[in-house]
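Side chains are part of it too, since the values below use all heavy atoms of this structure and drop only hydrogens, waters and symmetry mates. So you know, we letter chains A, B, ... as the sequences are listed, proteins then strands, and number each from 1.
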Protein chains: 2
Amino acid sequence: MSRRDGDVVEVFAALGDRTRQDLLDLLARGQGSSSAALAEPLGVTRQAVEKHLRLLEQVGLVTARRDGRRVAWAVRPETVRRSAQWLEARSAEWERQLALVKAAAEKADGA
Amino acid sequence: MSRRDGDVVEVFAALGDRTRQDLLDLLARGQGSSSAALAEPLGVTRQAVEKHLRLLEQVGLVTARRDGRRVAWAVRPETVRRSAQWLEARSAEWERQLALVKAAAEKADGA
DNA sequence: GCACTCTGCAACCATCTGGTTGCATGGAGA
DNA sequence: TCTCCATGCAACCAGATGGTTGCAGAGTGC
């Protein structure tokens, strides 16, 4: 597994949390871009939101832009799309490999 | 977010771990199907592998089939494919929403 | 029948995680 | 200039996690 594969593992780990999924939804819908604005619909403190946002930023799922003292967060869907494509390729690869293994096993049984 | 969405979150959490990713790779390649056979290339104990396998089974990524006292584990790529498609749809949806938000903001600026 | 093999399970441990609280700092508006 | 607002950060906490060790039970081959 290459280093890039390692990055993808972190993206999946980041996506494997309900609060972060909801957070990304809110950001994509334009329903708030500051941590305080996002905290209220999520039902957690703004510090919890900031923690999640920093993790999402770390794996490339969101970006931050300073606006005076405010920070405007935004989703980066292209990172999600790339991860989806990576996963799709993996499942296709696994299906291909399983077909080979299955064919080899049937050949052995016939022998 | 629907209940099915909740399931997907668990799939991503399951995929967000390097050992489990490697485990799925080994299973797909047919390089061992029992916990003991899988533990050696992963460098962890068979109990650790079994823990991971049970979690993967819980979210539908692998299946177990009893073979006497042995358990043969197998990957279910269709679950991975479905999750990839879900993610692809989400990123497309987020891109669509972001475009709407961006257009609305530009309209407001022009006013 | 017995020894061996494979699995299941629980207890344990160090670390991580998701969240809260409290306080400090910097930007902005009056 | 001062007050307010928004953010940053650290400490804390309960629970979860990933792994190990030890032991018991069931299947299997001799």
Assert: residue with more 5' nearest nucleotide on DNA chain C, out of A/R70 and B/S34, is B/S34
Result for 5'-nearest mapping on DNA chain C, choosing between A/A48 and B/A72, is B/A72
Between atom [atom1] in [X] and atom [atom2] in [N], what is the gap in whole Å?
| X | N | atom1 | atom2 | answer |
| --- | --- | --- | --- | --- |
| B/L23 | D/dG18 | CG | C1' | 13 Å |
| A/D17 | D/dT17 | CG | C1' | 14 Å |
| B/Q58 | D/dT17 | CD | P | 10 Å |
| B/E40 | D/dT20 | CD | C1' | 17 Å |
| A/L42 | C/dG19 | CG | C1' | 13 Å |
| A/H52 | D/dG8 | NE2 | C1' | 17 Å |
| A/D67 | C/dG27 | CG | C1' | 11 Å |
| B/R20 | D/dA16 | CZ | P | 15 Å |

Quick one: is [N] close enough that its OP1 or OP2 comes under 4.0 Å of any side-chain N or O from [X]?
| X | N | answer |
| --- | --- | --- |
| A/T45 | C/dG19 | no |
| B/T19 | D/dG19 | yes |
| B/S35 | C/dT7 | yes |
| A/R18 | C/dT17 | no |
| A/R66 | C/dG27 | no |

I'd like to know whether B/E93 forms a salt bridge (Lys or Arg N to Asp or Glu O under 4.0 Å) with B/R96, so could you lay out the CA-CA distance, the side-chain angles of the two residues, the decisive distance to 0.1 Å, and finally the verdict.
CA-CA 5 Å; B/E93 173 70 9; B/R96 201 182 60 80; 3.2 Å; yes
Are the side chains of A/V80 and A/L24 in touch, meaning some heavy atoms are under 4.5 Å apart?
no
Base, sugar-phosphate, or nothing for A/A36, non-hydrogen atoms under 4.0 angstrom?
sugar-phosphate
Full working for side chain to side chain contact (heavy atoms under 4.5 Å, CB included) between B/D7 and B/V59
CA-CA 7 Å; B/D7 293 343; B/V59 301; over 6 Å; no
Partner of B/S35 under side-chain hydrogen bond (donor to acceptor under 3.5 Å, both in side chains), picked from B/R46, B/K51, B/R70, B/E50, is B/E50
Nucleotide nearest B/V44 (side chain, heavy atoms from C-beta), chosen from D/dG19, C/dT7, D/dG8
D/dG19
What's the closest nucleotide to the A/L55 side chain, out of C/dG18, D/dG8, C/dC6?
C/dG18
B/Q31 atom CD, over 12 foreign heavy atoms within 6.0 Å:
yes
Any donor-acceptor pair, under 3.5 Å, between the side chain of A/R69 and the base of D/dT7, if you only look at N and O atoms?
no
Every protein N/O within reach of nucleotides 9-12 of chain C N/O, cut-off under 3.5 Å:
none

